[in-house]
**Student:** 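The structure follows.
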Amino acid sequence: QVQLVESGGGLVQTGASLRLSCAASGRTFNTYAMGWFRQAPGKEREFVGNIRWSVGVTYYADSVKGRFTISRDNAKNTVYLEMNRLIPEDTAVYYCAAFLNRRTIVAGSLLRPSGYDYWGQGTQVTVSS
């Protein structure tokens, strides 16, 4: 079991920055990657980015590339999502998720919510215009 707790959401104006945190506990040693997703009202949950836990390699959705940065602190078992130049379209509930090690990683599974094994409760980010 892996427990994930997000924090850091809030209400900001266009152009502002926020940093979300995701603290992991439990059997985190078996984590292959950590992902960030978001879900706006009436929309499907969408991929924001992820980070390979052991090597720190990151990958981002085109919609956030160049504005958002994912990092991790292995000692604290915490992943961060630094969001800059926020726009109203970034308004959503943001979730972190854990992708556990497995024998075979299906192509694309790291980009889909269904590929992840554990989820946090989410934190609301609202960007006003």
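Note that the numbering runs from 1 along the sequence shown for the chain.
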**Student:** With no hydrogens and no angle check, do the side chains of Asn50 and Arg52 hold a donor and an acceptor under 3.5 Å apart?
**Tutor:** no
**Student:** Considering only heavy atoms from C-beta outward, does the side chain of Glu89 approach that of Val127 to under 4.5 Å?
**Tutor:** no
**Student:** Keeping the roles fixed (side chain from Arg72, backbone from Ser54), state whether a donor-acceptor pair exists under 3.5 Å.
**Tutor:** yes
**Student:** Output the distance between atom CG (Asp117) and atom OG1 (Thr31), rounded to the nearest 0.5 Å.
**Tutor:** 8.5 Å
**Student:** What's the verdict on ring-ring contact (aromatic ring centres under 6.0 Å, His included) for Phe47 and Trp36, showing C-alpha distance, side-chain angles and the deciding distance?
**Tutor:** CA-CA 7 Å; Phe47 173 78; Trp36 284 97; over 10 Å; no
**Student:** How are the rings of Phe99 and Tyr32 set to each other: parallel, tilted or perpendicular (split at 30° and 60°)?
**Tutor:** tilted
**Student:** Ignoring hydrogens and geometry, is there a side-chain-to-backbone donor-acceptor pair from Thr58 to Ile51 under 3.5 Å?
**Tutor:** no
**Student:** Assess whether side chain to side chain contact (heavy atoms under 4.5 Å, CB included) is satisfied between Leu100 and Tyr118, documenting all intermediate values.
**Tutor:** CA-CA 9 Å; Leu100 301 185; Tyr118 295 98; 3.6 Å; yes
**Student:** For a quick test of reading the model, state the closest non-hydrogen atom pair linking Gly122 to Glu6 and the distance between them.
**Tutor:** N-OE1, 2.8 Å
**Student:** Carefully, step by step, assess Thr28 and Trp53 under the rule side chain to side chain contact (heavy atoms under 4.5 Å, CB included).
**Tutor:** CA-CA 10 Å; Thr28 58; Trp53 190 253; 5.7 Å; no
**Student:** For residues Tyr60 and Val48, determine if any side-chain heavy atom of one lies less than 4.5 Å from a side-chain heavy atom of the other.
**Tutor:** no
**Student:** Side-chain contact test, heavy atoms from C-beta onward, threshold under 4.5 Å: evaluate it for Glu82 versus Ser71 and give yes or no.
**Tutor:** no
**Student:** Check the pair Val12 / Thr126 against side chain to side chain contact (heavy atoms under 4.5 Å, CB included), numbers first and verdict last.
**Tutor:** CA-CA 6 Å; Val12 296; Thr126 303; over 6 Å; no
**Student:** Of all heavy-atom pairs between Gly35 and Tyr116, which one has the smallest distance, and what is that distance?
**Tutor:** N-CE2, 3.6 Å
**Student:** Taking Phe68 as the starting point, is it possible to reach Tyr80 by hopping between hydrophobic residues whose side chains are less than 4.5 Å apart?
**Tutor:** no
**Student:** For Ile87, does its backbone N or O pair with a side-chain atom of Asp90 as donor and acceptor, under 3.5 Å?
**Tutor:** yes
**Student:** Would you please test Tyr95 and Leu4 for side chain to side chain contact (heavy atoms under 4.5 Å, CB included) and show each step?
**Tutor:** CA-CA 9 Å; Tyr95 299 89; Leu4 303 172; over 6 Å; no
**Student:** If we ignore hydrogens and angles and just use 3.5 Å, is the side chain of Ser114 paired with the main-chain N or O of Arg112 as donor and acceptor?
**Tutor:** no
**Student:** For the residue pair Leu110 and Tyr59, establish whether any side-chain heavy-atom pair is separated by less than 4.5 Å.
**Tutor:** no
**Student:** Considering residues, nucleotides and ligands other than Arg27, do more than 12 of their heavy atoms fall under 6.0 Å from its CZ?
**Tutor:** no
**Student:** Does a side chain donor of either Ser17 or Asn84 reach within less than 3.5 Å of an acceptor in the other side chain?
**Tutor:** yes
**Student:** Minimum heavy-atom separation for Ser129 to Thr14, with atom names?
**Tutor:** CA-OG1, 3.5 Å
**Student:** I'd like to check Ile70 versus Val79 (side-chain heavy atoms, cut-off strictly below 4.5 Å). Are they in contact?
**Tutor:** yes
**Student:** So do Thr123 and Leu20 actually touch side chain to side chain, heavy atoms under 4.5 Å?
**Tutor:** yes
**Student:** What I'd like to find out is whether the side chain of Val125 reaches to under 4.5 Å of the side chain of Leu18, using heavy atoms alone.
**Tutor:** yes
**Student:** What's the separation between atom CG in Asn77 and atom CD in Gln3, rounded to the nearest 0.5 Å?
**Tutor:** 11.0 Å
**Student:** Side-chain contact test, heavy atoms from C-beta onward, threshold under 4.5 Å: evaluate it for Trp119 versus Arg45 and give yes or no.
**Tutor:** yes
**Student:** Answer yes or no: are there more than 12 heavy-atom neighbours, outside Lys65 itself, under 6.0 Å from its atom NZ?
**Tutor:** yes
**Student:** Looking only at heavy atoms, which two atoms of Gln121 and Val5 are closest? And how far apart?
**Tutor:** OE1-CA, 3.7 Å
**Student:** Measure from NZ or CZ of Arg38 to the centre of the six-membered ring of Tyr94, then state whether that distance is under 6.0 Å and the direction lies within 45° of the axis.
**Tutor:** no
**Student:** Of all the heavy-atom pairs spanning Leu11 and Ser128, show the shortest one and how long it is.
**Tutor:** CD1-CB, 4.4 Å
